[in-house]
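Here is how names work: the chains are called A, B, and so on, in the same order as the sequence lines, proteins then strands, and each is numbered from 1.
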Amino acid sequence: NAGVTQTPKFQVLKTGQSMTLQCAQDMNHEYMSWYRQDPGMGLRLIHYSVGAGITDQGEVPNGYNVSRSTTEDFPLRLLSAAPSQTSVYFCASSSEIIGRDTEAFFGQGTRLTVV
Amino acid sequence: DAKTTQPPSMDCAEGRAANLPCNHSTISGNEYVYWYRQIHSQGPQYIIHGLKNNETNEMASLIITEDRKSSTLILPHATLRDTAVYYCIVRVRDNYGQNFVFGPGTRLSVLP
């Protein structure tokens with residue numbers, strides 16, 4: 001069981017370039033989300049999805065797009081990279097069961113540097 | 001939203017119990033307390049969670065006060081591999097759905 005897989009692990013972009021961070025989970029989880037973590041800080045929510053075809057914004061959505069065409073995949077797109085988007089990005093998934101709370105599984109992160 | 005307060009850092013001797021406190025005085029009756037940890041910038045790892053009663057699993061114990069305004073995560077026999085940032089999180093159900101709000105956490109250093 002792979003859990004949550006993120007690719008790439010490392011990426012360097014030039015200002016203005018676009019790219020897609022990939023996230024895939026094999027646990028049939030309905031709920032997936034993207035966080036960013038800046039040095040010395042906790043994680044901040046970018047976007048999330050409660051199921052295929054449904055996405056919504058989190059705390060810091062500007063400059064990022066997401067889509068959820070399948071249950072397994074939740075890619076994060078940087079439209080025009082800026083140095084302020086230099087960060088470590090984490091994808092997470094969990095099962096949405098009404099009336100119960102469940103743990104979230106996190107990927108190992110994508111370390112992005114924008115120069 | 002219920003917020004949490006944790007000490008920024010703690011030390012613990014290897015083999016001793018590590019007791020990590022967390023205050024969550026504004027917690028609602030149906031909100032759970034979760035603990036995650038992050039080892040050296042890896043993805044956060046689930047440790048334990050609870051609502052009212054004390055909980056124990058293979059990794060740790062969670063002690064929640066009767067008024068639920070604070071809790072303590074206990075690592076019974078800390079090892080060097082337990083050095084990490086520990087996050088106490090109250091589960092928020094709001095516009096962000098099933099999301100976690102991460103604060104700065106407690107940096108635990110297990111010393112040989």
Side-chain angles (χ1 to χ4, degrees), chain A residues 2-7 9-10 21 23 25 27 29-51 54-61 68 87-112, chain B residues 1-9 22 27-53 55 57-60 62 64 68 73 84-107:
Chain A
V4 179
T5 303
Q6 291 184 235
T7 56
K9 288 186 170 53
F10 302 93
L21 280 62
C23 176
Q25 52 92 9
M27 297 171 281
H29 284 165
E30 302 86 355
Y31 194 85
M32 298 184 73
S33 52
W34 277 100
Y35 293 84
R36 62 176 286 175
Q37 185 174 33
D38 299 321
M41 297 181 66
L43 283 70
R44 292 185 293 169
L45 182 68
I46 305 172
H47 283 285
Y48 67 97
S49 168
V50 299
I54 306 171
T55 65
D56 208 342
Q57 298 180 349
E59 179 186 358
V60 287
R68 183 95 179 269
S87 190
V88 182
Y89 292 84
F90 291 101
C91 177
S93 77
S94 60
S95 176
E96 173 67 45
I97 300 175
I98 300 300
R100 291 178 56 185
D101 272 319
T102 59
E103 66 183 278
F105 294 82
F106 285 82
Q108 289 304 300
T110 295
R111 191 173 298 272
L112 176 68
Chain B
D1 298 344
K3 299 190 190 308
T4 63
T5 304
Q6 299 177 252
S9 63
C22 179
I27 191 170
S28 300
N30 60 349
E31 289 181 315
Y32 286 72
V33 179
Y34 277 76
W35 282 84
Y36 280 76
R37 72 180 182 183
Q38 190 174 23
I39 298 173
H40 193 54
S41 297
Q42 296 177 14
Q45 176 191 25
Y46 167 80
I47 302 173
I48 198 168
H49 76 283
L51 181 63
K52 296 180 183 177
N53 301 321
E55 302 288 345
N57 62 19
E58 65 277 6
M59 290 181 67
L62 174 61
I64 302 175
R68 301 213 321 128
L73 177 74
V85 177
Y86 287 77
Y87 298 100
C88 170
I89 302 165
V90 171
R91 187 64 169 266
V92 175
R93 288 189 176 269
D94 59 7
N95 288 342
Y96 298 157
Q98 254 207 87
N99 297 304
F100 293 92
V101 179
F102 286 82
T106 295
R107 183 173 297 277

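- The line from CG of A/Leu45 to CZ of B/Phe102 is 10.0 Å long, rounded to the nearest 0.5 Å.
- At a 4.5 Å heavy-atom cutoff, the contact between A/Gln37 and chain B is made by side-chain atoms alone.
- For B/Gln38, the part sitting under 4.5 Å from any heavy atom of chain A is the side chain, from C-beta outward, and nothing else.
- With a threshold of 4.5 angstrom between heavy atoms, A/Ala104 approaches chain B through its backbone and through its side chain.
- When ring centroids are compared, B/Tyr46 and A/Phe106 stay outside the 6.0 Å threshold.
- Ranked by heavy-atom pairs under 4.5 Å with chain A, the first of B/Gly43, B/Pro44, B/Gly105, B/Pro104 is B/Pro44.
- For A/Arg44, no part lies near chain B; criterion is any non-hydrogen pair under 4.5 Å.
- How far CD of A/Glu103 is from OH of B/Tyr36: 6.0 Å, rounded to the nearest 0.5 Å.
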